[in-house]
Each structure stands twice: as C-alpha cells, then as structure tokens.
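Just so it is clear, the structure is predicted and the values come from calculations on it, not from any experiment. All values below come from the heavy atoms of this structure, side chains included, with hydrogens, waters and symmetry mates left out.
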Amino acid sequence: VPTDKDNSNALVVYPNKVEKDVNVKFNSLVANQESEIGIYDVSGKLLKSVSLVTKKGNNATTLDMSQFAAGAYYIKTRIEGKEISRKIVK
C-alpha cells in the first residue's frame, strides 16, 4: 500500500516498467544513517532488501530485479522516520 503521498519526490523509482534493474533515488537530510530499501510483493511479503549508509543530500542505488517474475511490486524505505513506498511493474 503506498504511503506518504504528500511527499512524492522523497523517493524516486525508475524505470517503471522494469526489465532488469530499477534505480532508486532519495534525498536525506542526515549523513551516516543506515537505511534499508526493500522489494515487496503485493501481499506485503519482503522479497529482497539492501542496506546502505546515507550521505547528506542525494542518495541512489540500483536493485537487480532480473530474478523476479512479471507483475506488480512495491519498493519501500524509511526516510527520516517516514515509511515511503512506490509501486512498480515488471
């Protein structure tokens, strides 16, 4: 379920429709904060997660989705205490 609709630029996920890799970009006001980005199926089951340490300002990572079947997924993360998610299609 998408969250934080009023902050639509906090988490940018592209391309949408994903073939192999999905790019995830977000902005952080805090440096050296551990963050986790997860890929979830539509039932809410965590399928894959990556951890990274944020830098102040723009942060980006790429997630490999080549092993996932065609369908809808959610990319979720927590940025400065707020859970944010974006729906993607593969």
Quick one: side chains of residues 47-57, donor-acceptor pairs under 3.5 Å with protein atoms, not counting sequence neighbours, listed by atom name and distance.
residue, atom, partner, partner atom, Å
Lys48, NZ, Asp64, O, 2.9
Thr54, OG1, Val30, O, 3.0
Thr54, OG1, Gln33, N, 3.2
Thr54, OG1, Gln33, O, 3.2

Is any side-chain heavy atom of Val24 closer than 4.5 Å to one of Val12?
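The answer is no, as the side chains (C-beta and beyond) never meet within the 4.5 Å cut-off.
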Report yes if the side chains of Tyr73 and Lys90 come closer than 4.5 Å at any heavy-atom pair, otherwise no.
yes
Heavy-atom pair with the smallest gap, counting every atom of [X] and [Y]:
X	Y	answer
Asn23	Pro15	ND2-CD, 4.1 Å
Met65	Ile88	SD-CD1, 3.4 Å
Leu11	Arg86	O-NE, 3.0 Å

If the test is side-chain contact (heavy atoms from CB on, under 4.5 Å), which one of Ile37, Val13, Asn58 qualifies with Phe26?
Ile37
Check the surroundings of atom CD in Gln67: do more than 12 heavy atoms from other residues, nucleotides or ligands lie under 6.0 Å from it?
yes
Please report the C-alpha distance between Leu63 and Ile39 in whole Å, then the side-chain angles of each, then the deciding distance to 0.1 Å, and finally whether the side-chain contact (heavy atoms from CB on, under 4.5 Å) criterion is met.
CA-CA 9 Å; Leu63 303 174; Ile39 301 173; 3.9 Å; yes
Distance from [X] atom [atom1] to [Y] atom [atom2], nearest 0.5 Å?
X	Y	atom1	atom2	value
Lys20	Phe68	NZ	CZ	12.0 Å
Thr77	Lys82	OG1	NZ	13.5 Å
Lys25	Asn59	NZ	CG	11.0 Å

Any chain of hydrophobic side-chain contacts (each under 4.5 Å) joining Tyr74 to Leu46?
yes
Does either side chain, that of Thr62 or that of Asp21, offer a donor lying less than 3.5 Å from an acceptor on the other one?
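Looking only at side-chain atoms, Asp21 and Thr62 do not form any donor-acceptor pair under 3.5 Å.
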NZ or CZ of Lys76 within 45° of Tyr40 ring axis and under 6.0 Å
yes
